[in-house]
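Input: a single structure, listed below in structure tokens.
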Amino acid sequence: MSKPERGLPKSFDLKIPAGPVKLGDYLDDAPAPVAPEPVVEVAAPVPPPPAPVVEPVVPVSAPVMRPVAAVPKRPPRKHINMTEETLQMLDELLIRIRQEGGERDVRASELIHGLTLALYEARQFLDLGTVPARGKWGSPSAAALPVALKETFTAGIAKGWNRRR
């Protein structure tokens, strides 16, 4: 069996006109058909809200105790991207805290909260002027930024700890 010829078949024709092409103007087009007006249904009237409950007036000398419904409020969330190495270190720290600490169910958010508290308390002792700029992605200075931050954080926490003693 022979292979078919490459390219377009001989019967293919582009049908290009001989003279210049005249393109129409959008104003020459016929207007689009107009859709009929939509039917609007009137909804049933909304009943008025119930009358407000008036509490009795209590003398000022008596303490007023009002029941408050406890609504659980979730803290705002923050997404943290981690490298595989950072994630592994975090997991190892959690395991150690759970095994050696008094609480067996410490969460990652509590670990991050504790670290943030320690750093926040030492914020006045942080010498952030020593942290170099990150630099371009993939450069040695970009890779060294977490180490420089760690050294600055450690020195600031140590300085703050020594001042409290």
| Between CG on residue D105 and CD on residue E103, distance to nearest 0.5 Å | 6.0 Å
| query | If you look at every heavy atom in G156 and L126, which pair is closest and at what distance? | reply | CA-CD2, 3.9 Å
| Between Q88 and E84, is any side-chain donor less than 3.5 angstrom from a side-chain acceptor? | no
| remark: Distance col, row K78:NZ vs T116:OG1, nearest 0.5 angstrom, shows 11.0 Å
| field | Gap separating the CD atom of E92 from the CD1 atom of I97, nearest 0.5 angstrom | value | 12.0 Å
| query | Is it true that a side-chain atom of E151 and a backbone atom of A148 form a donor plus acceptor pair closer than 3.5 Å? | reply | no
| request: Look at atom CD of E85 and say whether more than 12 heavy atoms of other residues, nucleotides or ligands are closer to it than 6.0 Å. | output: no
| task | Evaluate whether atom CZ of R98 has more than 12 neighbouring non-hydrogen atoms of other residues, nucleotides or ligands under 6.0 angstrom away. | result | yes
| message | Is it true that, when you exclude R107 itself, more than 12 heavy atoms of the residues, nucleotides or ligands shown sit nearer than 6.0 Å to its CZ? | response | no
| task | Looking only at non-hydrogen atoms, find the nearest pair between I157 and A122 and report the distance. | result | CA-CB, 3.7 Å
| said: Testing the basics here: between S141 and G135, what is the closest heavy-atom pair and its distance to 0.1 Å? | reply: OG-CA, 3.6 Å
| task | Identify the residue among I95, L93, L94 that makes a side-chain contact (heavy atoms from CB on, under 4.5 Å) with V106. | result | L94
| said: What's the separation between atom CG in L87 and atom CG in N81, rounded to the nearest 0.5 Å? | reply: 11.0 Å
| task | Following the transitive rule for hydrophobic clusters with a side-chain heavy-atom cut-off under 4.5 Å over Ile, Leu, Val, Met, Phe, Trp and Tyr, establish whether I80 and L111 coincide in one cluster. | result | yes
| Straight-line distance of R123 CZ to F153 CZ, nearest 0.5 Å | 13.5 Å
| request: State plainly whether one hydrophobic cluster holds both L90 and L115, where clusters connect Ile, Leu, Val, Met, Phe, Trp and Tyr through side-chain heavy atoms under 4.5 angstrom apart. | output: yes
| field | Backbone of M82 reached by a side-chain donor or acceptor of T86 within 3.5 Å | value | no
| For D127 and F125, what are the C-alpha separation, side-chain angles and deciding distance, and is it a side-chain contact (heavy atoms from CB on, under 4.5 Å)? | CA-CA 6 Å; D127 186 13; F125 304 108; over 6 Å; no
| R104 side chain to Q99 backbone, donor-acceptor under 3.5 Å | yes
| message | Donor-acceptor pair, distance only, cut-off 3.5 Å: does the side chain of T152 make one with the backbone of L128? | response | no
